[in-house]
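Note that these values count all heavy atoms, side chains included, but never hydrogens, waters or copies made by symmetry. Below, chain A is the first sequence line, B the second, and so on; all start at residue 1. Note that this is a predicted model, so its numbers are computed, not measured.
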Amino acid sequence: MSSALLQDLRARGLVFQIAGEEAFEAWLEGGSRTLYCGFDPTADSLHIGSLVPLLMLRRFQLAGHRPLALVGGATGLIGDPSFKAAERQLNTLEVVEGWVDKLKAQVSQFIDFEGEHLQDGTAALVVNNLDWTQGVDVLTFLRDVGKHFSINAMIQKESVKQRIEREGAGISFTEFTYMILQSYDFSELYRQYDCGLQIGGSDQWGNITGGIDLTRRLHGGQTFGLTMPLVTKADGTKFGKTESGTIWLDAGKTSPYAFYQFWLNTADADVYQFLRYFTFLPVDQIDQIEADDKAREGRPEAQRILAKEVTALVHGVDGLAAAQRITEALFAGDASGLGAADLEQLAQDGLPTSTLDLGHAPPTLSQLLSESGMVSSGKQVKDALKNKAVFINGHAVEGEPSVAVSECFSRATALYDRYWIVRLGKKKYHLFTVA
RNA sequence: GGAGGGGUUCCCGAGUGGCCAAAGGGAUCAGACUGUAAAUCUGACGCGCGAGCUUCGGUGGUUCGAAUCCACCCCCCUCCA
């Protein structure tokens, strides 16, 4: 008899490895359990790489378990070496502290802390491993915790192997110790909250099993680990990055519109798997979507559904609505047919926008577009102009990159006397408004 | 502390005195084809519209000319102590 939750997770392809597999199902079935997943502050926001584990916590909570989201105020000061090619730059205490606060708020979006719909004892909790590590002195730590770790075993771990074996790499004692810290987290959460399961990406396997071993040695308790597969793309490129950079969960760093567009551009080869990974739609419904898409010629619906679901999860219904408004306006028809209020709305909805003061604007088009962040170099403007891929309010721009701004932008060509929508290529849009 | 190997443009990686803004691959961007896909083909890919300017761990030097040679320094790796 396997639990419905586990069955669903397996069907979604979300289970990579389970530590303690023989006893795991029975344990999970035995009642409401506490589990945790750690998130280290390596930036001021999480990115979509953390989405799978975040949603996983939620999946467990919906199934009647209690999720703990651990923010690594301590481990973030050290840096996880797992499968990293090189040693990382240490961040200062103040910086990490600031990031911890941001991540706390962010992880909180995905799990419930209170409410009538919650089953008893499943209210989520956010914890910080700095709370139980900063008071421990070195000697105590080395004697009580360090004694349980064998260096021989640690250097065998796949996660640090390339750093140890590869020519040109290397690992500092600081990072090497990371595993011990994370293991200690698990044993502490077990002691304090009876937390019996740690989940994480497949790269966390070594760290998780380390924690399981330590918990058994310190407290004699059996704990479990579950890892999720690394999200990969069919074409082999890295998931979650685009030219414009990482896709962040923070709306201030990646607008809901950009976020929505990211998912909308998912390749056919990946989209059904991503629906299983990143949404709560039932698996058979996803299969149905796939079957429908196959039966129909032309463009699949899956991307649209994926983008809608994930954007709603991360940015809420308002964020989704904003993203859809912009998308509709720009891609569904002639953008120049928009009303003044629509244009105002686009700016508020997160379409990249700049003000343009015709009196004090940069002299050339390529300078203006570079400064607005539309392109990273003037070469791109030159290239795009050559291909007739620059449009201002729907009209292709002719000429050299050095064409004067005043020639392209004038009150006469502006929409409602003050807006210009510049399009570069098929997908890049930027709104300029009169200053 | 000793001996050896290494640090090249986003990444990998060629390049050992001029033909080097630096091969090749990847990533990325734009065009064609499409469905705001994929695959494929084309172009771009240090900065600059351009003349030109700034790069090959750092600083100095040799030379008409240096990523390439010399000196010192910094960092990484391997082995020895």
Contact check, side chains of Phe110(A) and Val314(A), non-hydrogen atoms, under 4.5 Å: yes
Between C79(B) and A39(B) - C1' atom distance, rounded Å: 49 Å
Separation of A38(B) C1' from Tyr272(A) OH (nearest whole Å): 13 Å
Counter-base of C47(B), judged by Watson-Crick or G-U geometry with both distances under 3.5 Å: G52(B)
Partner of Tyr416(A) by side-chain contact (heavy atoms from CB on, under 4.5 Å), out of Leu343(A), Thr433(A), Val434(A): Leu343(A)
Pairwise C1' distance for G4(B) and G50(B), with rounding to whole Å: 50 Å
Spacing of Leu369(A) atom CG relative to C49(B) atom C1', expressed in whole Å: 13 Å
Any Phe141(A) side-chain heavy atom under 4.5 Å of Thr133(A) side chain: no
Protein-nucleotide distance (Gln380(A), atom CD; C45(B), atom P), rounded to Å: 11 Å
Length of the line joining Lys388(A):NZ and C29(B):C1', which is rounded to integer Å: 19 Å
Separation of atom CG in Leu368(A) from atom P in G48(B), rounded to whole Å: 14 Å
Gap between atoms CG and P, on Leu385(A) and A30(B) respectively (whole Å): 14 Å
Watson-Crick or G-U wobble partner of G24(B), both distances under 3.5 Å: C12(B)
Span that lies between the P atom of G65(B) and that of A51(B), in whole angstrom: 25 Å
Whole angstrom value for the distance that separates C1' of A27(B) from CZ of Phe239(A): 17 Å
Short N-O contact, Asp250(A) and Lys102(A), less than 4.0 angstrom: no
Cationic N near anionic O, under 4.0 Å, Asp144(A) to Lys147(A): no
Nucleotide paired to C72(B) in any strand shown, Watson-Crick or G-U, under 3.5 Å: G58(B)
Rounded C1' spacing from G15(B) to C19(B) in Å: 13 Å
Parallel, tilted or perpendicular, as decided by the 30° and 60° cut-offs, for the rings of Phe274(A) and Phe278(A): perpendicular
Pairwise C1' distance, C20(B) and A14(B) [rounded to whole Å]: 12 Å
CA sep, side-chain torsions, deciding dist, call: Lys388(A), Glu398(A), salt bridge (charged side-chain N to carboxylate O under 4.0 Å, His left out): CA-CA 7 Å; Lys388(A) 295 213 189 317; Glu398(A) 306 268 346; 3.4 Å; yes
Same-atom distance (P) from U68(B) to G24(B), integer angstrom: 22 Å
Heavy-atom pair with the smallest gap, counting every atom of Leu281(A) and Ile286(A): O-CD1, 3.6 Å
C1' atoms of G46(B) and U42(B), separation to the nearest Å: 23 Å
Given A27(B), C49(B), C45(B), the nucleotide with the shortest approach to the side chain of Lys379(A): C45(B)
Protein-nucleotide distance (Arg423(A), atom CZ; A30(B), atom P), rounded to Å: 11 Å
P spacing across the pair C49(B) / G43(B), given as an integer number of angstrom: 23 Å
Phosphate contact (C49(B) OP1 or OP2) by Ser366(A) side-chain N/O below 4.0 Å: yes
Pairing partner of C41(B) (Watson-Crick or G-U wobble, both distances under 3.5 Å): G31(B)
Paired nucleotide for A3(B) [Watson-Crick or G-U wobble; both distances under 3.5 Å]: U78(B)
Return the polar atom pairs (N/O with N/O) between nucleotides 34-37 of chain B and the protein under 3.5 Å, or none.
from   : atom 1 : to        : atom 2 : distance (Å)
U34(B) : O4     : Lys426(A) : NZ     : 2.0
G35(B) : O6     : Asp268(A) : OD2    : 3.2
G35(B) : N1     : Asp268(A) : OD1    : 3.4
G35(B) : N1     : Asp268(A) : OD2    : 2.6
G35(B) : N2     : Asp268(A) : OD1    : 2.7
U36(B) : O2'    : Asn265(A) : OD1    : 2.8
U36(B) : O2     : Gln261(A) : OE1    : 2.9
U36(B) : N3     : Gln261(A) : OE1    : 2.9
U36(B) : N3     : Gln261(A) : NE2    : 3.3
U36(B) : O4     : Gln261(A) : NE2    : 3.4
A37(B) : OP1    : Lys427(A) : NZ     : 2.7
A37(B) : N3     : Asp268(A) : OD2    : 3.3

Whichever of Asp235(A) and Leu424(A) has its nearest RNA chain B nucleotide further upstream toward 5': Leu424(A)
Ion pair Lys308(A)/Glu301(A), N-O distance below 4.0 Å: no
Partner nucleotide of U36(B) by Watson-Crick or wobble geometry (both distances under 3.5 Å): none
Contact nearer the 5' end of RNA chain B, comparing Lys386(A) with Ser370(A): Lys386(A)
